[in-house]
2 protein chains.
Amino acid sequence: MRIEDIAKEAGVSIATVSRVLNNPQIVKKETRDRVLAVVTKHDYVPDSLARGLMTRHSKTVGVLIISVSNSYYMEITETIQRRLREAGYMMLLGATDDSPELERRYILDFASRRVDGIIVIDASHENYASGFYPRAAAKRPIVLVHSDEAIRASGMREVFLDQRLGMRRAMDHLWALGHREVVFLRGREGFSYDLKQEAWSDWLLEHGAEPRPELVLRIDEGNTEDAVPLAEEAVSQALRGGLVRSAIFACNDLQARGAVSAVTKSGLRIPEDLSIMSHDNTILAVSGRVQLTSVDLKMKSVGLAASELLFQAMGGGGIEGASRRIEPELVLRDSTGRACNG
Amino acid sequence: MRIEDIAKEAGVSIATVSRVLNNPQIVKKETRDRVLAVVTKHDYVPDSLARGLMTRHSKTVGVLIISVSNSYYMEITETIQRRLREAGYMMLLGATDDSPELERRYILDFASRRVDGIIVIDASHENYASGFYPRAAAKRPIVLVHSDEAIRASGMREVFLDQRLGMRRAMDHLWALGHREVVFLRGREGFSYDLKQEAWSDWLLEHGAEPRPELVLRIDEGNTEDAVPLAEEAVSQALRGGLVRSAIFACNDLQARGAVSAVTKSGLRIPEDLSIMSHDNTILAVSGRVQLTSVDLKMKSVGLAASELLFQAMGGGGIEGASRRIEPELVLRDSTGRACNG
DNA sequence: CAAGATAATGTAAGCGCTTACATAGAGGAA
DNA sequence: TTCCTCTATGTAAGCGCTTACATTATCTTG
């Protein structure tokens, strides 16, 4: 069914059909109804490729995340998807596997599909520094969600996820409870682990404590479900080695769950004997016997902010003020308590 | 940058540029290199809207799921997304909130975007019965992922998720362990709860046991994180009422986690005093202190099968044999054991 | 009721590509 | 050389729409 067929059947020109579809009020009610009848009769939907070719927009937004199968990204994807739908946009979703190269390919592909805007979650420093984002942003609105100081100061549209603040809040809380030694449990590699470790280290230094290397427990997986047993194993071992004496900071809830298992199995109580601070505040934080104190990155707010910024941009808004900072929140639960030996 | 600009700069006609991009081998190496140089120089990517208008395909596939923020769907979305990318397709992702109406709107929208194919996860019976899917499938390949006997027999391309078999395996397992009374814990509403309850009920009847209504525990939420405390509360209450004596079947891992909390808090041991059978086998099943025996729906296989079917269809394959059945698998862990009073 | 104003519809150009067909150039056989 | 074949490139139509502009129908109003 093409617009021509509808026009023929309704006895009007294709221009009239187009008007009925795009500017109903300017066509006489009588004609309009006749056309609409034919349209609904055939379930006719105009070809948005052809339409986009003329109008220069596709009512489509490209969204990039590192991984689809990660609870941590679920909430932000959900939020963005919902907002886009409400505004009549479709979402093209791509997973980059944390590869800047793949990210670039996706963005070029988005461009060729004439998306009206792009949201990059966990934007890579590399693609910013090489000038790729700015170049792409010159052609169509791009919103960067990131935790990178350089991007923050770039003047691009961006949502800054203040992870250092989250770390500070977590450490402050432990400190206030009397913990003077905090073991740092992390995954193998990845920007966010490095950032957190740096923040952990800096914080300790600021408070006159030493970020001793043996306090860093590194497991080989980060975010898959294998992280749970690996973290458990790592913590058990550290426990046996007498390294864990006051508190543990885990980089995500999976690792924290593993830590909890290790600690309970060793006969110690949480939080009486040992505190565990977690990060991400996913469903895992509340699904076990001991509910985890966890840093919540407020991904819903992040998603909302990113969508808002993008809509503004797509509506022709300028770059000024197109910048947000979201504060992580510490959610207190049962896994942290006063230090017993503090 | 349009093809015309490239042509002009390379000193050739637009047809030649097009050929360089689509059929490199038919243009003389010398010319080709000259064109390619200009193309890369400007990061030129052809407008896929214009291209799609001619070629009649968009290299895009529409995927529909009920909810983005549900661990249960993460794996299948991930699998499909990965397969699509490998094959050079982009994924338009829509969340239907379990609304057949919204599902229809999405499918129409997909159609207008000239997607090359559509995958509907948890296809609705309503849209099948009303003839909507078949009508849509006449115009472009559609693969339905579902647990609906009617759709299974429809002759459409479909992946049948044999949930009844999963239930049977779960119940057989409990029965073999000596459990003769199985409490059924479920969410408020939704096809899959009804299907499971029916299977539970049928199974009991077949084994000469009675599916007594008071054995059905229904909480007001199903899949959000609120389900955990609600399930805990429901189970605690049933425990106090003396209703839970041998085993509990929970419709998903969230509910099972709530059940575990209730049971442990009441002082009973798992699985010595009470067994808990879970469903979905998400990360939650392995993240707590007691690891849950759970029915795994093999969503990765489902996703693979769905993609395969779609690729076949998009490649021009016929409808015959475009049908798969995936068997759920029972993953045995620590939450189920021999009945103590069996 | 003529005639200018206005509302409703039609005509046709063109969005950026692909591709059938036309054309030109190069090489080889007679 | 002439004619034919083959290869490389150009020309132009057309994909299904939107929209500026042209045209025709319908009102106003003196």
Side-chain angles (χ1 to χ4, degrees), chain A residues 1-39 42-60 88 108-116 139-140, chain B residues 1-39 42-60 88 108-116 139-140:
Chain A
M1 268 292 157
R2 302 174 342 270
I3 196 173
E4 201 187 323
D5 305 317
I6 302 293
K8 207 162 289 175
E9 187 164 336
V12 295
S13 73
I14 61 168
T16 299
V17 177
S18 176
R19 280 188 279 257
V20 167
L21 264 21
N22 300 300
N23 267 109
Q25 68 283 1
I26 69 166
V27 16
K28 192 159 64 168
K29 181 162 189 341
E30 191 183 313
T31 324
R32 194 199 314 155
D33 291 345
R34 193 149 34 94
V35 172
L36 247 23
V38 181
V39 166
H42 295 287
D43 265 345
Y44 169 73
V45 206
D47 184 321
S48 63
L49 268 51
R51 167 180 282 177
L53 202 52
M54 274 305 296
T55 62
R56 321 278 25 193
H57 56 245
S58 57
K59 279 286 181 184
T60 304
L108 255 23
D109 203 340
F110 283 160
S112 105
R113 285 177 154 77
R114 296 294 181 263
V115 296
D116 300 331
K139 312 208 174 165
R140 89 210 74 249
Chain B
M1 267 293 155
R2 301 174 343 270
I3 197 172
E4 200 188 325
D5 306 317
I6 303 293
K8 206 163 290 174
E9 189 166 337
V12 296
S13 73
I14 61 168
T16 299
V17 177
S18 176
R19 280 187 280 256
V20 168
L21 264 20
N22 300 300
N23 268 107
Q25 69 284 1
I26 70 167
V27 18
K28 192 159 64 168
K29 180 160 187 346
E30 190 183 316
T31 324
R32 195 197 315 156
D33 291 344
R34 193 149 33 94
V35 172
L36 247 22
V38 182
V39 165
H42 295 287
D43 264 346
Y44 168 74
V45 206
D47 185 321
S48 62
L49 269 51
R51 168 180 281 176
L53 202 52
M54 273 306 296
T55 62
R56 320 280 8 163
H57 57 244
S58 57
K59 278 286 181 183
T60 303
L108 255 24
D109 203 340
F110 283 159
S112 105
R113 283 177 155 78
R114 296 293 181 262
V115 296
D116 299 331
K139 311 205 175 167
R140 89 210 73 251

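Chain A is the first sequence line, chain B the second, and so forth, proteins listed ahead of strands; every chain is numbered from 1. Only heavy atoms go into these numbers, but all of them, side chains included; no hydrogens, no water, no symmetry mates.
Contact annotation: side chain of A/R56 to base of C/dG16, donor-acceptor pair absent below 3.5 Å.
Both B/M54 and A/T55 lie near DNA chain D, and the one whose nearest nucleotide falls closer to the 5' end is B/M54. Both A/K28 and B/P46 lie near DNA chain C, and the one whose nearest nucleotide falls closer to the 5' end is A/K28.
Neither OP1 nor OP2 of C/dT11 sits under 4.0 Å from any side-chain N or O of A/S13. One finds a side-chain N or O of B/T31 lying less than 4.0 angstrom from the OP1 or OP2 phosphate oxygen of D/dT9. An OP1 or OP2 oxygen of D/dC17 is reached within less than 4.0 angstrom by no side-chain nitrogen or oxygen of A/S18. Phosphate proximity of D/dG16 to A/Y44: absent, as no side-chain N or O sits under 4.0 Å from OP1 or OP2.
Of the candidate nucleotides D/dG16, D/dG10, C/dC17, C/dC17 has the atom lying nearest to any side-chain atom of B/A50.
Per the geometry, CD1 belonging to B/I3 stands 14 Å off P belonging to C/dC15, to the nearest Å. Put simply, CG on A/L49 is 13 Å from P on C/dT18, counting in whole angstrom units. One can place CD of A/Q25 at 17 Å from C1' of C/dT6, the figure rounded to the nearest angstrom. Atom CZ in A/R19 sits about 8 Å away from atom P in C/dG10, given to the nearest Å. The CZ-C1' distance, from B/R114 to C/dC17, rounds to 17 Å in whole Å. Taking atom NZ of A/K29 as the reference point, atom C1' of C/dA7 lies 17 Å away to the nearest angstrom. Atom pair A/L21:CG and D/dT19:C1' shows a separation of 14 Å (rounding to whole Å applied). Regarding B/R34, its CZ atom lies at a distance of 11 Å from the C1' atom of D/dT9, rounded to whole Å.
For the residue pair A/L49 and B/L53, the shortest heavy atom distance occurs at CD2-N, 3.9 Å. Taking all atoms of both residues into account, the shortest heavy-atom contact from B/L21 to B/P46 is CD2-CG, 4.4 Å.
For B/D5 and B/K8, the salt-bridge test fails: no basic side-chain N is under 4.0 Å from an acidic carboxylate O.
In this structure, A/Q25 places its CD atom where more than 12 heavy-atom neighbours from other residues, nucleotides or ligands lie under 6.0 Å away.
Between the side chains of B/R51 and A/S112, no donor-acceptor pair of N or O atoms lies under 3.5 Å.
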